[in-house]
Amino acid sequence: MASTQDLLKQAADLSSSNPKRAEELYKQILNSTASTSKGSAVNADKEQSLRDQELALIKLAELYRDQKDASGLAQVITLSRSFMSSTAKAKTAKLIRTLLNYFNSIPNSRQTQIDVLTDNIEWSKREKRIFLKHSLEIRLVSLQLEALQYKLALTRIDALLTELKRLDDKMILTEVHLLESRVYRGIGNLSKSKAALTSARTAANSIYCPPHLQAALDLQSGVLHAEDKDYTTAYSYFYETFENMSSQDDPAALNALKYMLLCKVMLNMPEDVTSLLSIKLAVKYAQLREIESMRAIALAHQNRNLSDFEKALRDYKHELSSDPTIRSHLAALYDTLLQQNLLRIVEPYSVVEIDYVAKQVGQGRQDVEAKLSQMILDKVFHGVLDQGRGCLIVFDELEADNTYGAAIGTLEQVSKVVDSLYAKTVKIA
């Protein structure tokens, strides 16, 4: 009968040519049981058998990952429980994290991950593996956040915070408060999002905060400052995040760089985008499609060209619409650019046809009419829409009449003197 190591070697050789056979061999290894004989030599054999089983688990998971088989990978994680029952808890947590990370390479596997995590959280709870349970719950909340399941995420976070405050685990507490901040920001409750971020920073200040966690805190700070239209402060946080993540070769550094470019555009400094992409840390990202999309937006904004802006939104639809932060701020930028274009068109005229304005900006008449109406109400310019004639009548800006300004000022001063004298009279009486 072939040894476990021989089976591992055979399975590894067959992984690419005959994955079905390799899968059978890995499962054969996992189903084998260690000898129950006594003696030091047998104990050594048992340890070797456990190592072989761990390797077989990882290799089988890699096989399913390469085949993009999410359900197969889920079965491996369930299968690993019998192995995990006989190993140290720290090793167990590391193994299950490794297996769960393989889902990242499998498209459309989010729901499977959520189901696997929910199942394993229950198992951890039964086995009283508290720290494993907490790490799995944090991962589950992250997935629920990605899936926009905010209510479920908040329910899980509330239960987690209650447990963590009792355990006083500052590291995990920081991560959970950070997730809480991101969830509240997702549902649009910025005040609670800021409060949660403050709690995360407070917890982080009392421990050594790992670079990746510090970068995540800075990134969230930048996002919230950008929501408040404080793009200068947001840029500084994004720059700190970008430097931190780039030094660790973290793929998330790309998001921080995109947000930096977004801030430059929102600050009406699109010309700085090119120079920013020439710095040493940013050069390796400069040719990526995500960065090309931001460069196209910056160029359209610099030229005040609405059609180029719309073309960039169409050409880079996935890159610009998949990120909610980019999407929301570009919507505001588009509105500003449309307003600037409308002003540029109507300024030379005292009366102009709405159809002509709509044709010039390349928008539908109804949309242009609604935008012009909003601009008039916001006092961006003075005018009135004549819907009967289909025209916009533009008025010259009214100058303030200061004819009686000095007289009114004098009367105000006299009123103050009279009030003062009256107060003194009342006091004496």
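The chain is numbered in sequence order, starting from 1. Keep in mind that this is a model prediction, so the values were computed, not measured.
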Check this for me, if you would: do K59 and E62 make a salt bridge, where the nitrogen-to-carboxylate-oxygen distance has to be below 4.0 angstrom? yes
Ionic contact status for E163 with R166, cut-off 4.0 Å: no
Do Y334 and E310 get their side chains close enough for a donor-acceptor pair, meaning under 3.5 Å? yes
Determine, using ring centers only, whether Y64 and Y102 are less than 6.0 Å apart. no
Testing the 3.5 Å rule here: is there a donor-acceptor pair between the side chains of R65 and S109? no
Using a distance-only test with no angle check, is there a side-chain donor-acceptor pair under 3.5 angstrom linking D335 and Q339? no
Using a distance-only test with no angle check, is there a side-chain donor-acceptor pair under 3.5 angstrom linking E369 and Q387? yes
Distance, nearest 0.5 Å, that separates OG1 of T118 from CG of L136: 10.0 Å
Flag the pair E319 and K258 as a salt bridge only when some basic side-chain nitrogen lies within less than 4.0 angstrom of an acidic carboxylate oxygen. no
For the side chain of S181 and the backbone of H177, is there at least one donor-acceptor N/O pair under 3.5 Å apart? no
Main-chain N/O of V116 paired to N120 side chain as donor or acceptor, under 3.5 Å: yes
Under a 4.0 Å threshold between the charged nitrogen and the carboxylate oxygen, would K133 count as salt-bridged to E137? yes
Exercise: do Q248 and H212 side chains pair donor with acceptor under 3.5 Å: no
Ring pair (Phe, Tyr, Trp, His ring centres under 6.0 Å) contacts in which one or both residues fall within residues 261-300, not counting sequence neighbours: F242-Y285
If only atom types and distance count, is the side chain of S221 paired as donor or acceptor with the main-chain N or O of L217 below 3.5 Å? yes
Whether the N268 and H301 side chains hold a donor-acceptor pair (N or O, under 3.5 Å, no angle test) is what I'd like checked. yes
Could you list the donor-acceptor pairs under 3.5 angstrom formed by side chains in residues 69-79, with sequence neighbours left out?
unit_1: D69; atom_1: OD1; unit_2: S71; atom_2: N; d: 3.4
unit_1: D69; atom_1: OD1; unit_2: S71; atom_2: OG; d: 2.9
unit_1: D69; atom_1: OD1; unit_2: G72; atom_2: N; d: 3.0
unit_1: T78; atom_1: OG1; unit_2: A74; atom_2: O; d: 3.1

